[in-house]
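Worksheet: one structure, shown below.
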Amino acid sequence: MIGPYDLQVDQSLGKLIRVIPDFPKPGIIFKDITPLLSNASAFKSCCLAFAELADQAEYIAGIEARGFIFGSVVAGLSGKGFIPIRKSGKLPGQTLSVDYDLEYGTASLEIHKGLIPADSKVLIIDDVIATGGTASAAVDLVIAAGLIPIATAFLLEIPPLGGRSRIASKYPKLQIHTLLAE
Ligand code: AMP
């Protein structure tokens, strides 16, 4: 496993993450990435840093919704196909589904079944890893679809919530990359 904050981005970009206390529920400290997204050079350098990981994969999967923002750009930049991992009931074809716990509730994620050639290598991208429940569900879905999750990559992690260690112990061979410290 590669260590934290291993992709090359200017760590001062972390100042563009806005902290919104008590959103969407009391007690949650929400990391709002919209200031970073609206800053052209910051957004570009994050996408380019994620794209450094894309060579080893044949597809880029993004987790709805904020994983789509980075994942689709990275797929386009690197010439790979994009796989949407969506919230329940959004994908029109036959799906595989996984239920999981969130920092603020429960949810389920889905992936299309039988669309991507078996054993294709996949890089999974999302904005934030908190408890790791969402990322873990996405990895489970990629595996259930007959694909090989090579790496996960996040803009930001929230270390006290333990997502990285949870994912690392469940999938010891999976790479876990993050761009910015908390
Ligand atoms: P988790 O499953 O707990 O790792 O949560 C990760 C998912 O929920 C990601 O898709 C994030 O977009 C979102 N998320 C969880 N906690 C936060 C937070 N404190 N700030 C922003 N997004 C969060």
Side-chain angles (χ1 to χ4, degrees), residues 1-8 33 46-103 105-158 161-179:
M1 187 187 74
I2 299 174
Y5 327 128
D6 52 302
L7 298 176
Q8 296 304 308
I33 65 167
C46 291
C47 291
L48 290 172
F50 279 130
E52 284 175 34
L53 299 170
D55 276 356
Q56 56 186 331
E58 292 157 294
Y59 291 87
I60 312 300
I63 304 175
E64 188 174 2
R66 290 183 292 276
F68 288 4
I69 297 168
F70 294 102
S72 58
V73 173
V74 172
L77 279 173
S78 57
K80 314 281 173 175
F82 179 72
I83 303 174
I85 296 181
R86 296 213 63 179
K87 290 172 182 159
S88 184
K90 301 285 186 185
L91 290 171
Q94 270 203 319
T95 56
L96 298 157
S97 178
V98 169
D99 298 326
Y100 64 101
D101 292 324
L102 271 180
E103 190 188 356
T106 59
S108 55
L109 284 177
E110 294 183 344
I111 194 170
H112 265 145
K113 192 177 173 182
L115 194 64
I116 309 297
D119 296 331
S120 298
K121 294 176 185 155
V122 180
L123 163 64
I124 300 168
I125 296 182
D126 201 2
D127 64 333
V128 173
I129 179 169
T131 65
T134 306
S136 176
V139 174
D140 287 343
L141 281 175
V142 165
I143 294 169
L147 313 176
I148 302 172
I150 293 289
T152 52
F154 308 90
L155 183 65
L156 194 71
E157 74 178 291
I158 305 176
L161 295 177
R164 173 181 284 273
S165 53
R166 214 162 276 133
I167 299 286
S169 59
K170 191 169 171 194
Y171 311 101
K173 289 185 183 160
L174 186 73
Q175 299 165 37
I176 305 166
H177 302 270
T178 52
L179 266 57

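Counting from 1, the numbers follow the sequence of the chain as shown. Given the structure is predicted, the values throughout are model-derived calculations rather than measurements.
- Side chain of Thr152 to backbone of Gln175: a donor-acceptor contact under 3.5 angstrom is found.
- When every heavy atom of Cys46 is checked against every heavy atom of Phe70, the shortest pair comes out as CB-CE2, 4.1 Å.
- Between Thr178 and Arg164 the shortest side-chain heavy-atom distance falls below 4.5 Å.
- No donor-acceptor pair under 3.5 Å is formed between the side chain of Tyr100 and the backbone N or O of Gly132.
- In this structure, the separation between CZ on Phe154 and CG on Asp126 is 6.5 Å, given to the nearest 0.5 Å.
- Between Glu110 and Gly89, the shortest heavy-atom contact is OE1-N, 3.3 Å.
- Contact record, Glu64 with Lys90: OE1-CG, 4.1 Å, taken as the closest heavy-atom pair.
- Atom CG of Asp140 and atom CD1 of Ile111 lie 11.0 Å apart (nearest 0.5 Å).
- Under the 3.5 Å distance criterion, the side-chain polar atoms of Glu58 are matched with a main-chain donor or acceptor of Lys121.
- Two residues are said to be in side-chain contact when any heavy atoms from C-beta on lie closer than 4.5 Å; Phe50 and His177 fail this criterion.
- Here the CD1-CD1 distance, from Ile33 to Ile69, works out to 5.0 Å after rounding to the nearest 0.5 Å.
- Contact between Val74 and Cys47 at its shortest, heavy atoms only, is CG2-O, 3.8 Å.
- Atom NZ in Lys87 sits 8.5 Å away from atom OG1 in Thr134 (nearest 0.5 Å).
- Checking side-chain atoms of Lys80 against main-chain N and O of Ala57 turns up a donor-acceptor pair under 3.5 Å.
- The structure places CG of Leu109 at 10.0 Å from CG of Leu91, a figure rounded to the nearest 0.5 Å.
- One N or O on the side chain of Arg166 and one on the backbone of Leu161 form a donor-acceptor pair closer than 3.5 Å.
- With a 4.5 Å cut-off on side-chain heavy atoms, Val142 and Tyr59 do not count as touching.
- Two residues are said to be in side-chain contact when any heavy atoms from C-beta on lie closer than 4.5 Å; Ile143 and Val139 meet this criterion.
- Between the side chain of Gln94 and the backbone N or O of Lys113 there is no donor-acceptor pair closer than 3.5 Å.
- Taking every heavy atom of both residues into account, Gly163 and Ile129 meet most closely at C-CD1, 3.7 Å.
- Here the shortest heavy-atom pairing between Gly62 and Phe68 reads O-CE1, 3.2 Å.
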**Study point:** Pair Ile125-Ile60, side chain to side chain contact (heavy atoms under 4.5 Å, CB included): steps then yes or no
**Key:** CA-CA 7 Å; Ile125 296 182; Ile60 312 300; 3.8 Å; yes
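- Here CD1 of Ile116 is found 4.0 Å from CD1 of Ile83. Values are rounded to the nearest 0.5 Å.
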